[in-house]
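Right, one structure below, let's go through it.
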Amino acid sequence: MAKDDKVKVETDAEQIAKIDFDKEDVKQAADMIEEKGFVTRNDFPDLKDRLWSEGFYEKIEDEFHQRDNENPYIFFERFDFVGGAIESIIFDMDQVKTREKALHVLGDALDFEGSRQT
């Protein structure tokens, strides 16, 4: 194959950079995390998408860094549930203290019975 025939494959970061995140959604997510400690796809259905979730997490972190006196430890995690569902949670580790707790919070929020993490 000639060099000119190579197919350009976008990186995750390049794909995420193309996503237009609603600033009000980002602010609302930060407020929800501040209030209850986490957000899931129940709050933002696009959290089902891996790349969207990663980018949204980055925007939420930026939002917290812009706020006065706000410096929570925001964390993004994807968990694999029994039955093959892979779900995302963005949470404040000051409120949801461990990944194990985040797994259970996510499972409870989405009404999943048994779970395992990846």
Side-chain angles (χ1 to χ4, degrees):
M1 181 184 293
K3 288 184 182 181
D4 294 338
D5 293 339
K6 287 187 180 180
V7 175
K8 168 82 167 107
V9 177
E10 290 184 321
T11 65
D12 286 355
E14 290 170 328
Q15 291 178 54
I16 290 169
K18 291 182 177 181
I19 300 171
D20 184 27
F21 295 96
D22 184 296
K23 290 178 182 175
E24 286 303 312
D25 283 349
V26 172
K27 182 184 179 315
Q28 181 184 13
D31 291 344
M32 293 172 82
I33 291 170
E34 192 174 65
E35 180 182 318
K36 68 178 183 175
F38 65 93
V39 292
T40 70
R41 74 172 159 87
N42 286 349
D43 306 303
F44 298 92
D46 285 331
L47 280 171
K48 185 80 171 156
D49 178 87
R50 179 183 64 84
L51 293 176
W52 192 92
S53 299
E54 289 178 23
F56 196 54
Y57 156 71
E58 292 169 5
K59 296 295 183 185
I60 292 168
E61 272 197 318
D62 291 345
E63 170 68 21
F64 275 115
H65 289 299
Q66 292 175 18
R67 294 181 177 191
D68 291 336
N69 300 319
E70 294 291 337
N71 197 18
Y73 182 38
I74 304 302
F75 201 77
F76 165 70
E77 189 69 48
R78 291 176 52 82
F79 292 104
D80 181 21
F81 288 88
V82 172
I86 299 174
E87 299 289 344
S88 298
I89 184 170
I90 301 172
F91 63 100
D92 175 2
M93 286 197 85
D94 292 328
Q95 295 181 61
V96 179
K97 302 285 185 188
T98 66
R99 291 178 71 243
E100 182 72 21
K101 178 69 175 168
L103 169 68
H104 293 289
V105 166
L106 179 59
D108 290 345
L110 300 180
D111 292 325
F112 288 141
E113 292 283 325
S115 60
R116 68 178 191 273
Q117 72 186 62
T118 56

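Worth saying up front: this structure is predicted, and the values here are computed from it rather than measured. Residues take their numbers from the sequence shown, with the count starting at 1.
- With sequence neighbours left out, the salt bridge (Lys or Arg N to Asp or Glu O under 4.0 Å) criterion links Lys18 to Glu10.
- Smallest separation of non-hydrogen atoms from Met93 and Thr98: CE-CA, 4.0 Å.
- Under the 4.5 Å side-chain contact rule for hydrophobic residues, Ile19 and Ile60 share a cluster.
- For the atom pair CD1 of Ile90 and CD1 of Ile33, the computed distance is 5.5 Å after rounding to the nearest 0.5 Å.
- The closest side-chain heavy-atom distance from Trp52 to Phe44 is below 4.5 Å.
- Side-chain atoms of Glu100 and His104 form a donor-acceptor pair, as typed in the model, at a separation below 3.5 Å.
- Rounding to the nearest 0.5 angstrom, the gap separating the CZ atom in Phe56 from the CD1 atom in Ile16 is 13.0 Å.
- A search for ring-ring contact (aromatic ring centres under 6.0 Å, His included) contacts involving Phe91 returns Phe75, not counting sequence neighbours.
- Glu24 is linked by a salt bridge (Lys or Arg N to Asp or Glu O under 4.0 Å) to nothing, counting only residues two or more places apart in sequence or in another chain.
- Every salt bridge (Lys or Arg N to Asp or Glu O under 4.0 Å) that Lys27 has, sequence neighbours left out, goes to Asp31.
- Residues passing the side chain to side chain contact (heavy atoms under 4.5 Å, CB included) test with Ala85 are Phe81, Glu87, Phe112, sequence neighbours excluded.
- Every residue meeting the side-chain hydrogen bond (donor to acceptor under 3.5 Å, both in side chains) condition with Gln95, not counting sequence neighbours, appears here in chain and number order: Asp92.
- For the pair Leu51 and Gln15, the tightest heavy-atom approach, listed with the atom from each and the gap, is CD1-OE1, 3.0 Å.
- Shown here for Phe79 and Arg99, the closest heavy-atom pair between the two residues is CZ-O, 3.4 Å.
- Here the straight-line distance linking atom CG of Asp108 with atom NZ of Lys101 works out to 7.5 Å at 0.5 Å rounding.
- With sequence neighbours excluded, the residues satisfying salt bridge (Lys or Arg N to Asp or Glu O under 4.0 Å) with Asp12 are Arg50.
- Asp43 meets the side chain to side chain contact (heavy atoms under 4.5 Å, CB included) test with Met32, Lys36, Val39, Thr40; sequence neighbours excluded.
- Atom CD of Glu61 is separated from atom OH of Tyr73 by 9.0 Å, given to the nearest 0.5 angstrom.
- By the side-chain hydrogen bond (donor to acceptor under 3.5 Å, both in side chains) test, Lys23 is found to be paired with no residue, residues two or more places apart in sequence or in another chain being considered.
- Rounding to the nearest 0.5 Å places CZ of Phe38 at 13.0 Å from CD1 of Ile74.
- Note that CD of Glu54 and CZ of Arg78 are 7.5 Å apart. Values are rounded to the nearest 0.5 Å.
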